[in-house]
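Notes follow the structure.
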Amino acid sequence: MSQTKQFEQKWQAKWEATHVFEADPDPKRQKVMVTFPFPYMNGPLHVGHTFTASRVDAYARFKRMQGFNVLWPWAWHWTGQPLLGASQRVARGDVEFIRVLHEVDGVPDETIKKFVDPLYMAQYYTDEGRLAVKGIGFSVDWRREFTTVMPTFQKFVEWQYKNLKEKGYVTRGTHPVVWCPKDKSPTGDHDRQSGEGVTPEEYTLIKYRLDDGTILPAATFRPETIYGITNIWINPEATYVEATVNGECWIISQEAAEKLKEQEKKIQVNRAFQGKELIGKTFQNPVTKLKFPILPGWFVDPKTATGVVYSVPAHAPYDYLALRDLQQNPEVLSQFGMDPPVVTQIKPISIIKLEGFGEFPAVEIVEKMGIKDQNDPKADQATKELYKKEFHGGVLKESCGPYAGKSVREVKDLLIKDFKEAGVADSIYDLSKPVVCRCMTPCLVKILSDQWFLNYSDPEWKQKAHEAVAQMTIYPESAKPSFNTVIDWLREWACARTTGFGTPLPWGKGWIIETLSDSTVYMAFYTINKHIKQNSIKPESLTPEAFDYIFYGKGNKTDLCKAVGISVDLLDSMRSEFLYWYPFDLRNSAKELVPNHLSFCIFHHAALFPPEHWPKAISVNGMLMVEGQGMHKSKGNFITMKGAVEKYGADATRCGLLLGAEAMDDPDWRAENISDLQSKFESLIGFATAVIASAKTDEDTMLERWLQSKLQSRIKEVTESLDQLKTRTALQVALFETWNDLRWYIQRKGNTQAKALNEVVKTWLKMLAPFAPFLCEELWSQTGEADFISTAKWPVFDENKLDVAAEEQENLITDIMTDTSNILKATKITPKHICYYSTAPWKWQVYLKILDKTVCGEAKIGDLMKEFAADKDLKPHMKDIAALVPRVIKALTKVPGDRKANIQKIKAVDEHNILAGAAKFLGDRYNTEVSVYSEDDQKRFDPKNRASMAMPYQPAIYIE
RNA sequence: GCAGAGGUCGCCGAGCAUGGUCAAAGGCGUAGGCUUCAGGAGCCUAUCCUUCAGAGGUUCGUGGGUUCAAAUCCCACCCUCUGCACCA
């Protein structure tokens, strides 16, 4: 077994044995409750879950180390249809599906057989999931765990819905859905063979009347064009039916009759006939009462809507094209017994004024695009373009009755409403593209009646939700507006369905609360489930009144306890535990849940709890990609949490994911990166072990102070980043940048014996512990610490340990190394001897004066020279100063502001000593002899007379 | 279609809000050296171009503009990605 695996098992066992991550109320300590949306258990946990949950765990561990009482609970989502669907696929012996279960999920064959029981399947994945979560080292309090089919949890959901209903947030209504007639259930995107993303579209039907009173319901998205009608198109070759629809006699395509049966229409088909029978007849416009002819239109698709289309050639390219085609070939009309003038006399009727176009926009666009006839594919493009333009910019003309002068956009809804009320319009739902169910049955649109909705349209509810958003923190900040957008945009949500697992609607027989609707405030249940489980509280004790008391403090507890059979103490413990933990302090999820779950969570909290129990913070992150692609079982790139941990180790998996991205960016899982990280950790372990073992001296030189100083900035950055959920930045600094500091120190120092280094390494481990807890625990124990690093005190930034002089000293070294390398590169010489010349003291005087002036923004060469000339110490050097001043000014433009301030603070540094101290280090670096002289040393070795080039922070260099 | 996010030096990815400190962090990859029985790992150095002295030049999707100064501000254009409901 690998070393990594040993550490993982060892520390997991210790954590479990000591219950370190179990959190109970402690009034003396501030609490932090973090949550992660419970995963749906129709499959194993994967690296996507791992990424999101690793962020939560890093935060939880960080806060725990900061001394907070941290609760991280976990649960499992079993509600809904997919679990049943999956089980049924096993029962049907779906070969491909079973192969995936076996190969991707790694389920043993014997177990797969038992998946015919969906509850068994859910339990299996839950048990596997729990092992995976423990294996990766998430610091969860398992005493609060539950699944959404547990009767006690369902009692909680019943309480939730009873309250929502009483507050008026649950309403009843009808709703169109994509429907599979064979399965007799709505066909969601995931249940489809084809037609992903297709939703029902509502067409308005205008009830034109034939002379005998029969209704021709023509379907349109543009009912305002009723004022510009010139004729109706019927496909002469399609089959139409005459049917009694809600007591009226309608003529529609055969397909349309089937559709309407599912759309709350009482329909009886009386006879079927060919479309050509209708050609040549006349009908009346129910609004204008004018009469028009029915013409043959071969482009009319009987499968779309009613198969009856009315023609507005002035504004609809297809209509104009079809009309033009007929007018150019009027002889085809003879087969329908019509005379050409009926067609040739038709003129488009303009009803919409559109900027940039004349009378007949459709005619213009057809001519502009050079569209040949009604079969030209460009006709479709023209239709879309014109529709958009007229919708946004079109104004109805005088002929449009009460709607004249209004824009299309503003009257459309009103007009539909008016027409429906006047009985001249109706509607039909249809699909823009065909949808086929997984069972291979073509779908249609069904109107579900008596559907239960969460009324997210309620303006007061929306308002409260906005308030909740306003008072909470969203990470990253940039995601906040999208929550408000979603809240404005959400409308009625069907919250119950008839199939699948879940909690029955308390008042609606046969309805089950749907999966996104039963999981909105369950975080509150975590706070009390510990007591429910420990005391084996019966579901029947958990009445709405009991929950009202626990969550609201409502009711008389003596009576209540008697009624439900829970002791007063226990009830009070539950109440106070809820009050201690709630509200939750963080909920982290992937951004895909913003438009649904996370917003629902906000809505429901706003509805059910007072503002002090509304969420404190929500954070969102990107969606995990695998090798640049979305992760799907079908793509063969599905990686389970368990599999990743087995292959790369828990620490590398966690850190590899967290280094992938932060904020809303999508992290990319690259196997190569993860295994590189794995070996990096191996080397980290070796490195830290060596340092820990070698610590013995009490040295406190400039280098130790430098290391401490650097460490302080790292502590500050890691702490601040973690507080902002910037896990990537935090880990990058904690792992790589701090490591680089340590490397630099060791190189400069030449050994690892200082105890100070050992202390820094211990601090380093603490900063890494939230991310890589296993190896940190192990190394921590090697330093002789008896307690867990998981509960060690988080390092605190200490300003007193900042040492700008030490930092400037090292800057001097790195700067001179850069210059030396530059020279070597440019000259391509192999150095035999490198000489450095430290700057003469009088130059420092000049330098610091110029620096002061620069910072104030008044560095004028003339003034400076006068000032220097007046100084008797400088007077003898005036010739050199004349050359030095412009060089210094130029050099200072490249120095960052904060460094300038530091230099002002520490004044002159002892370049000579610093260089002399680093001579050996530099000599090793360039593999040559290094000599250090003072610029004004008369005995210096300086054949090319370079020394005079020296200036502060830029010693002169001579290389031979 | 509607809404949102984004295009940075081989790759991933900082930086752009508060323009100058940006040839642009960090990681990866690649090359060379050291170490190692070997492999791996580790350590060091280099990695836009030019340059025999610490310098210069051309870069941050494309094209304009503002400014002494733009990866960073403004405009236009091109391209990519994500969500859009009864479904987890």
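Below, chains carry the letters A, B, ... as their sequence lines are ordered, and counting in each starts from 1.
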Per-pair distances, 0.1 Å, donor-acceptor, side chain in residues 679-690 of chain A, under 3.5 Å, sequence neighbours excluded:
| residue | atom | partner | partner atom | Å |
| --- | --- | --- | --- | --- |
| S679(A) | OG | S675(A) | O | 3.4 |
| S679(A) | OG | D676(A) | O | 2.9 |
| S683(A) | OG | K680(A) | O | 3.4 |
| T689(A) | OG1 | I685(A) | O | 2.4 |

Evaluate the ring planes of H175(A) and F453(A), with Trp represented by its six-membered ring, and classify them as parallel (under 30°), tilted (30 to 60°) or perpendicular (over 60°). perpendicular

Just name whichever nucleotide pairs with U21(B), Watson-Crick or G-U, keeping both distances under 3.5 Å, else none. none

Identity of whatever pairs with U58(B) - Watson-Crick or G-U, under 3.5 angstrom: none

Partner nucleotide, any strand, of U36(B) [Watson-Crick/G-U, under 3.5 Å]: none

Can you tell me, in whole Å, how much space there is between the P of U21(B) and that of G13(B)? 26 Å

What nucleotide among C28(B), U45(B), A25(B) has an atom nearest to a side-chain atom of R728(A)? A25(B)

Under the rule for side-chain contact (heavy atoms from CB on, under 4.5 Å), what residues qualify as partners of R172(A), not counting sequence neighbours? D450(A), W452(A)

So which of residues 481-490 of chain A are in contact with RNA chain B, with a heavy-atom cut-off of under 4.0 Å? W489(A), L490(A)

I957(A) side chain, from C-beta outward: closest of A88(B), G54(B), U45(B): G54(B)

What's the closest nucleotide to the side chain of D819(A) if the choices are A88(B), G27(B), G54(B)? G54(B)

P-based separation of C74(B) from G6(B) [nearest Å]: 13 Å

Rounded P spacing from A24(B) to U58(B) in Å: 16 Å

Among the nucleotides C52(B), C28(B), A41(B), which one has an atom lying closest to any side-chain atom of T827(A)? C52(B)

Distance between C1' atoms of C49(B) and C9(B) (Å, rounded): 12 Å

At less than 4.0 Å, is any side-chain N or O atom of N740(A) found next to OP1 or OP2 of G27(B)? Yes or no. yes

Nucleotide nearest A826(A) when distance is taken to its side chain, options A88(B), A25(B), A53(B): A53(B)

Side chain of Q954(A) - closest among G54(B), U45(B), G26(B): G54(B)

Are K462(A) and D488(A) within salt-bridge range, i.e. N to O under 4.0 Å? no

Which label fits Y522(A) and H597(A): parallel for a plane angle under 30°, tilted from 30 to 60°, or perpendicular past 60°? tilted

Using the C1' atom in both, what is the distance from A69(B) to C2(B), to the nearest Å? 41 Å

What's the gap between G10(B) and A5(B) when it is taken at their P atoms, as a whole Å value? 27 Å

Which part of the nucleic acid does D668(A) contact within heavy-atom distance under 4.0 Å: base, sugar-phosphate only, or nothing? nothing

Any idea which of G29(B), A88(B), G42(B) is nearest the K680(A) side chain? G42(B)

Mate of A88(B) where both pairing distances stay under 3.5 Å, Watson-Crick or G-U: none

Quick one: which of A55(B), C12(B), A41(B) gets closest to the side chain of N822(A)? A55(B)

Base, sugar-phosphate, or nothing for L516(A), non-hydrogen atoms under 4.0 angstrom? base

Geometric cation-pi criterion, K633(A) with F638(A): 6.0 Å, 45°: yes

With both distances kept under 3.5 Å, what pairs with A46(B), Watson-Crick or G-U wobble? U30(B)

Could you give the distance separating A23(B) and C48(B) at their C1' atoms, to the nearest angstrom? 8 Å

Closest to the R670(A) side chain, choosing from A53(B), A41(B), C12(B): C12(B)

E737(A)/K710(A) ion pair, N-O < 4.0 Å: no

Does this structure show an ion pair linking K920(A) with D924(A), if we count only N-O contacts that are shorter than 4.0 Å? yes

If we call it a pair only when both distances are under 3.5 Å in a Watson-Crick or G-U wobble match, what pairs with A3(B)? U82(B)

With rounding to the closest Å, how many angstrom separate the C1' atoms on A41(B) and U50(B)? 37 Å

Is the shortest side-chain N/O distance from R743(A) to OP1 or OP2 of C43(B) below 4.0 Å? yes

Counting side-chain heavy atoms from C-beta on, which of A88(B), C86(B), C44(B) comes nearest to Q81(A)? A88(B)

